[in-house]
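Chain naming here is simple, since letters A, B, ... match the order of the sequence lines and numbering starts at 1 in each.
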Amino acid sequence: MLDVRLLRAEPERVREGIAAKGETADLDRWLRLDRERRELLAEWERCRAELNAGGAEIARAKKEGRDAAEEIAALRAVKAREKELKGRIDAAETELSEILVRIPNLPAEDVPRGPDESGNVEIARWGEPREFAFPPRAHWDLGAGLRILDLRAGGEIAGSGFPVLKGAGARLERALAQFMLDLHTERHGYTEVSPPHLSRADPMVACGQIPKLEADMYRCDRGGLYLIPTGEVPLTNLHRGEILEGGRLPLRYTTLTPCYRREAGAAGKDTRGLIRVHQFQKVELMVFARPEESEDELLRLRGCAEEVLRRLGLHYRVVLLCTGDLSFAGRRTFDLEVWAPGVGRYLEVSSATGFGDFQARRADTRFRDPGGKPRYVHTLNGSGLALPRTIIAVMESYQREDGSIDVPEALIPYMGGLTRIRPEEDRHE
RNA sequence: GGAGAGGUGGCUGAGUGGUCGAAAGCGACGGAUUGCUAAUCCGUUGAGUGGGGACCAUCCCUGCUCCGAGGGUUCGAAUCCCUCCCUCUCCGCCA
């Protein structure tokens, strides 16, 4: 949610921001309705003041034992007028908020302009793509050969886009998650959280998932709860309606959750294997920060996510998203893209995003500054990291010619000492 | 799932239709005092939004809204009615 004062004071800036993100919210209608509402509100408040004063007068009269029938009759007319005004105000407010939730956050000033991902800018690169003396295979081939990835079985259970990991594959996923959580909690100062994986609509709205991405969400028939598309949803709403003590900031949280995404319209495009799936595990990083420290915190958070890739020895690049590729609620986003030699592409494994106070305004999360005044916090988050694509990068980067996969050194303790993944034996009882 | 109790300001907790935005305590902040790592006393202390004033930041005056959320009754509601949400207790069920 943008500050409505910004909409009134600098509509041109907001209009540019909407256009830069390729959105179509009707700012003009909002401005017109806002003006109308405020005029009505002024009149309504005069009515209220009259009613309040009259009420006090009646109370006084009753106390003194006087009859107040005359005053009461007079107020009845004012009351009718008040009611009518209130109705018009309510109608205006309903429409105002419908427009407002569709107005995206403004991109930070220095974000490159661009229509879509073609306008993104690579700003950093770490390591080198691994060289192979043989043509590296894609993870789906490696996974099938090792019997650690079963796409067909997942399809039978839930449909395509729901892969099954088995044996060392499942273990690899668990090892990676464990490794990431230990790193973030023990070295990076994040507090681990185990949150609900279903959410009401409001927390989704706070994150900017609804209304824009509602069609991308799974929802339960009974109860109407949404399956979270990312751990960002529960974490960002952890302090809903609270005024935090300024001294506690920044608050850093991490969580491992499943993520559910319908990925409507994405079928058939870059979706093979584990590249794009409907359910996946992800370690999320989330920070509540003071406004003045949030830019630094974003870089720090990005660094925490990068550290995972470095320790795994995976080559990656950092991309600064342009305006057209920024998410609805984001001000600035750095994507971390890991190199997957088998599929020959960089895959996004994390989006470190600063939201300013956009989400905090919707989630009503504030803090007290040294002067004691409540102010909205800044929120930021990023993956640390998404598991399927990290698995892809590990499998494809550490593959050998015989189809086996070396376990990255950092993961060996988490794999129970296993140093190399060889074809899985089916174990029968 | 069934029955009951309850949701009030940073916290605890009074308040059952009329100067209640709301007692009291705690905490916090400011001040006073005291030489013994603290006590005592005094004062201030919810949020949002609009208007006016001022050495227009840190201020002052003032209107309106907010006592879980949303409706309703009434001249007037924290207080009465309805719906929903949440918490707690007991029972049932259950990993």
Side-chain angles (χ1 to χ4, degrees), chain A residues 1-9 30-31 33-98 100-101 194-206 210 219-226 234 237-249 251 258 288 290-292 357 360-377:
Chain A
M1 197 83 69
L2 290 178
D3 189 338
V4 294
R5 279 168 294 203
L6 180 65
L7 305 203
R8 291 171 189 145
W30 188 93
L31 289 168
L33 274 169
D34 177 57
R35 211 155 33 236
E36 283 172 26
R37 188 196 76 102
R38 292 210 281 169
E39 282 165 16
L40 289 170
L41 197 60
E43 193 179 347
W44 176 77
E45 287 188 359
R46 281 194 294 277
C47 277
R48 292 295 310 174
E50 201 175 328
L51 287 169
N52 287 341
E57 181 59 36
I58 291 166
R60 212 155 25 238
K62 293 260 166 137
K63 208 164 204 171
E64 294 165 5
R66 277 190 287 116
D67 176 58
E70 212 170 291
E71 287 91 331
I72 291 175
L75 284 186
R76 241 186 274 271
V78 181
K79 176 66 179 176
R81 173 75 178 141
E82 186 267 354
K83 206 162 187 170
E84 189 238 326
L85 286 166
K86 189 64 171 35
R88 290 166 66 187
I89 290 169
D90 286 347
E93 285 179 350
T94 299
E95 196 180 342
L96 281 167
S97 69
E98 277 169 8
L100 189 58
V101 294
S194 178
H197 300 161
L198 279 72
S199 163
R200 297 185 212 272
D202 273 355
M204 296 283 201
V205 173
I210 292 179
R219 188 174 51 211
C220 303
D221 284 343
R222 298 183 182 224
L225 292 173
Y226 294 86
N237 288 279
L238 220 45
H239 296 295
R240 216 161 218 284
E242 290 185 39
I243 300 176
L244 304 164
E245 285 310 317
R248 292 175 61 196
L249 299 176
L251 288 170
F288 295 93
R290 294 185 195 82
E292 54 274 21
D357 60 12
R361 190 168 270 113
R362 293 182 174 206
D364 190 24
T365 303
R366 293 174 289 177
F367 74 100
R368 273 186 208 287
D369 66 19
K373 294 274 174 283
R375 296 167 62 195
Y376 287 108
V377 300

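Between the CG atom of A/L40 and the P atom of B/rG50 there is a distance of 16 Å, rounded to whole Å. Rounded to whole Å, the distance from CD on A/E242 to C1' on B/rA47 is 15 Å. Atom CZ of A/R200 is separated from atom P of B/rG68 by 17 Å (rounded to the nearest Å). Per the geometry, CG belonging to A/L41 stands 12 Å off C1' belonging to B/rG48, to the nearest Å. B/rG48 atom P lies 18 Å from atom CD of A/E93, rounded to whole Å. Counting to the nearest Å, the C1' atom of B/rU45 and the NZ atom of A/K373 are 10 Å from each other. If you measure from atom CD of A/E39 to atom C1' of B/rG50, you get 14 Å, rounded to the nearest angstrom. Remark: P of B/rG10 and CZ of A/F367 are 16 Å apart, rounded to the nearest angstrom.
Taking atom P in both B/rG27 and B/rU83, the straight-line distance is 42 Å, to the nearest Å. Nucleotides B/rG43 and B/rA47 are separated by 23 Å at their C1' atoms, to the nearest Å. To the nearest whole angstrom, the two C1' atoms, one in B/rG9 and one in B/rU45, are 10 Å apart. Going from the C1' atom of B/rC42 to that of B/rU33 covers 11 Å, rounded to whole Å. For the P atom pair drawn from B/rU8 and B/rU79, the interatomic distance equals 14 Å after rounding to whole Å. Nucleotides B/rC61 and B/rC67, compared at atom P, are 25 Å apart to the nearest Å. Using C1' as the reference atom, B/rA23 and B/rA78 are 14 Å apart when rounded to the nearest Å. When the P atom is compared between B/rA14 and B/rG4, the two are found 23 Å apart, to the nearest whole Å.
The partner of B/rC29 is B/rG43, by the rule that a Watson-Crick or G-U pair needs both atom distances under 3.5 Å. In this structure, B/rC55 makes no Watson-Crick or G-U wobble pair, since no nucleotide meets both defining distances under 3.5 angstrom. When both distances must be under 3.5 Å, the Watson-Crick or G-U wobble mate of B/rG50 is B/rU62. Pair assignment for B/rU74 gives none, since no Watson-Crick or G-U wobble pairing has each distance under 3.5 Å. The partner of B/rA3 is B/rU89, by the rule that a Watson-Crick or G-U pair needs both atom distances under 3.5 Å. Remark: B/rA69 base-pairs with B/rU83. Criterion, Watson-Crick or G-U wobble with two distances under 3.5 Å. Across every strand in view, B/rG35 sits unpaired, with no contact that passes the Watson-Crick or G-U test at under 3.5 angstrom. As the counterpart of B/rC20, no nucleotide is assigned, since no Watson-Crick or G-U wobble pattern has both distances under 3.5 Å.
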Extract from the structure each pairing of a protein N or O with an N or O of nucleotides 72-74 of chain B at less than 3.5 Å, listing the distance.
unit_1, atom_1, unit_2, atom_2, d
B/rU73, OP2, A/K83, NZ, 3.2

Using nucleotides 61-63 of chain B, report all nitrogen or oxygen pairs with the protein that are shorter than 3.5 Å.
unit_1, atom_1, unit_2, atom_2, d
B/rG63, N2, A/E45, OE1, 2.8
B/rG63, N2, A/E45, OE2, 3.1

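Within the 4.0 angstrom heavy-atom criterion, only backbone atoms of the sugar-phosphate kind lie near A/R366; the bases stay farther away.
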What donor-acceptor contacts under 3.5 angstrom involve side-chain atoms of residues 49-57 of chain A, with partners at least two apart or in another chain?
unit_1, atom_1, unit_2, atom_2, d
A/N52, ND2, A/R48, O, 3.4
A/E57, OE1, A/R60, NH2, 2.9

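Nearer the 5' end of RNA chain B, as judged by each residue's closest nucleotide, is the contact made by A/A59, out of A/A59 and A/R38. Along RNA chain B, the nucleotide nearest to A/E50 and the one nearest to A/D3 differ in position, and the one closer to the 5' end is contacted by A/D3.
OP1 and OP2 of B/rG48 both lie 4.0 Å or more from every side-chain N or O belonging to A/R5. For B/rG50, the OP1/OP2 oxygens have a side-chain nitrogen or oxygen of A/R8 closer than 4.0 Å.
A donor-acceptor contact shorter than 3.5 Å is absent between the side chain of A/D357 and the backbone of A/R361. Remark: side-chain polar atoms of A/R290 are not paired, donor with acceptor, to backbone N or O of A/F367 under 3.5 angstrom.
Annotation: A/E292, atom CD; neighbour count of heavy atoms from other residues, nucleotides and ligands within 6.0 Å is above 12.
Under the side-chain hydrogen bond (donor to acceptor under 3.5 Å, both in side chains) criterion, A/E95 pairs with A/R29, sequence neighbours left out. Listed by chain and number, the residues in a ring pair (Phe, Tyr, Trp, His ring centres under 6.0 Å) with A/H239 are A/Y253, A/F288 (sequence neighbours excluded). Remark: A/P203 pairs with A/S199, A/R200, A/V233, A/N237, A/R240 by the side chain to side chain contact (heavy atoms under 4.5 Å, CB included) rule, at least two apart or across chains.
A/E43 has no carboxylate O lying under 4.0 Å from a charged side-chain N of A/R46, or vice versa, which leaves the two without a salt bridge. Ion pairing of A/E39 with A/R35 is absent here, as no side-chain N (NZ or NE/NH1/NH2) approaches a carboxylate O to less than 4.0 Å.
In this structure, of B/rG18, B/rC85, B/rG46, it is B/rG46 that holds the atom nearest to the side chain of A/R368.
No hydrogens or angles considered: nothing links the side chains of A/R366 and A/Y376 as a donor-acceptor pair under 3.5 Å.
Proximity of A/W30 to A/E98: side-chain heavy atoms (C-beta onward) are nowhere separated by under 4.5 Å. Looking only at side-chain heavy atoms (C-beta outward), A/L7 and A/L100 come within less than 4.5 Å of each other.
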